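Notes to accompany the following structure.
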Amino acid sequence: MVSDKNSVERIIKNPNLTQRIEPDWCDRPSIEVAPDLIGCTLLRQMPDGPLIRALIIETEAYAPGDPACHAYRGKSKRNAAMFGPPGHSYVYLIYGMYHCLNVVTEAEGIGSAVLIRALSLDSLPPQLTPEQAKKPHRVAAGPGKLCRALEIDRSLDGVLYHPANGLWLEHREHSVSEPDLVQTTRIGITKAAEQPWRWYLRDHPAVSKK
DNA sequence: ACAATGATAGTT
DNA sequence: ACTATCATTGTA
């Protein structure tokens, strides 16, 4: 079970068993990619040295024709990456102080993406605030918090998920059992709020909200 | 319940 | 130019 602590430790000890997620895998509807990304690994080569591996615990899908999707009203400077090729990032600033990280889905020209909402980190980034150090399992519990922890901002907008860019994805090493994958409604939106396009690992301590 | 904080989209 | 809104978070 992926949420089991021993499984996480096994993944950390066997990094050579993993396989990078490539753009073609992301070339399908965000509503399919979002649940499939649960249990996959996000890797971040921090600018100042350490490599951080993180299990994806929580995602949300944003689709074409979805009023809650940033791409709903067409292409703009901010959301251009959503219309770009799959397997790239879309990073935006929200509420003037937090960044959010997405995986772009579907072919170029189609505006859709998966928001990464929570991660379980294998190691803690340097320079934690006392607040963060107190609850290490919550350091990446939320889309704004995970970008702060991994030093992700708009300079990483529109880049290919690839080691060369210091940011990439790897496939699951362990399957996620059906009962552990919870599907529910998205958080923090007012439009299309009834769509059940959020997924998370049941009972995982890094889930942003119940 | 609400303030922090800035970019964006829609309206004068 | 002005204003409401926003895929959030921490504090009260």
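The chains referred to below are lettered A, B, ... by the order of the sequence lines, with proteins before strands, and numbering in each begins at 1. Bear in mind the structure is a predicted one, so any value in this text is a computation, not a measurement. Only heavy atoms go into these numbers, but all of them, side chains included; no hydrogens, no water, no symmetry mates.
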[X] [atom1] to [N] [atom2], straight-line distance once rounded to whole Å:
{"X": "A/His70", "N": "B/dA7", "atom1": "NE2", "atom2": "P", "answer": "15 Å"}
{"X": "A/Lys145", "N": "C/dT11", "atom1": "NZ", "atom2": "C1'", "answer": "13 Å"}
{"X": "A/Glu58", "N": "C/dT8", "atom1": "CD", "atom2": "P", "answer": "10 Å"}
{"X": "A/Ile187", "N": "C/dA7", "atom1": "CD1", "atom2": "P", "answer": "13 Å"}
{"X": "A/Lys191", "N": "B/dA9", "atom1": "NZ", "atom2": "P", "answer": "11 Å"}
{"X": "A/Leu93", "N": "B/dA7", "atom1": "CG", "atom2": "P", "answer": "7 Å"}
{"X": "A/Arg73", "N": "C/dT5", "atom1": "CZ", "atom2": "P", "answer": "12 Å"}
{"X": "A/Lys77", "N": "B/dA9", "atom1": "NZ", "atom2": "P", "answer": "11 Å"}

Between the side chains of A/Arg186 and A/Glu60, is the shortest nitrogen-to-carboxylate-oxygen separation below 4.0 Å, so that they form an ion pair? no

I'd like to know if A/Lys191 pairs up with A/Asp66 as an ion pair, taking the criterion as any Lys NZ or Arg NE/NH1/NH2 lying under 4.0 Å from an Asp or Glu carboxylate oxygen. no

Is C/dT3 paired to anything, Watson-Crick or G-U wobble with both distances less than 3.5 Å, and if yes, which nucleotide? B/dA9

Find the partner of B/dC2: check Watson-Crick (N1-N3 plus N6-O4 or O6-N4) and G-U wobble (N1-O2, O6-N3) distances, both under 3.5 Å, and reply none if neither fits. C/dG10

Is A/Tyr95 stacked on the base of C/dT8, meaning ring centres closer than 5.5 Å and planes within 30 degrees of each other? yes

With distance as the sole criterion, is a donor-acceptor pair present between the side chains of A/Thr184 and A/Arg198 under 3.5 Å? no

Relative to the 5' end of DNA chain C, which residue comes earlier, A/Ile189 or A/Arg148, by the nucleotide with the nearest heavy atom? A/Ile189

[N] phosphate, OP1 or OP2, under 4.0 Å from [X] side-chain N/O:
{"X": "A/Arg117", "N": "C/dT8", "answer": "yes"}
{"X": "A/Ser76", "N": "B/dT8", "answer": "no"}
{"X": "A/Arg198", "N": "C/dA7", "answer": "no"}

Take a 6.0 Å sphere around CD of A/Gln127 and say whether it holds more than 12 heavy atoms from other residues, nucleotides or ligands. no

Give the nucleotide from the list C/dT9, B/dT8, C/dA7 with an atom nearest to the side chain of A/Arg154. B/dT8

Report the nucleotide, chosen from C/dC6, B/dA4, C/dA7, that has the shortest atom-to-atom distance to any side-chain atom of A/Met97. B/dA4

For nucleotides B/dC2 and C/dT5, find the distance between their P atoms and express it as a whole number of Å. 16 Å

Counting distance alone, no hydrogens or angles: does the base of C/dA7 have a donor or acceptor under 3.5 Å from a partner atom on the side chain of A/Tyr92? yes

When you compare the side chain of A/Asp27 with that of A/Thr105, does any pair of heavy atoms fall below 4.5 Å? no

Using a 4.0 Å heavy-atom cut-off, does [X] contact any base of the nucleic acid, only the sugar-phosphate backbone, or nothing at all?
{"X": "A/Gly96", "answer": "base"}
{"X": "A/Arg78", "answer": "sugar-phosphate"}
{"X": "A/Ser208", "answer": "nothing"}

Would you say the rings of A/Tyr92 and A/His70 are close, in the sense that their centroids are separated by under 6.0 Å? yes

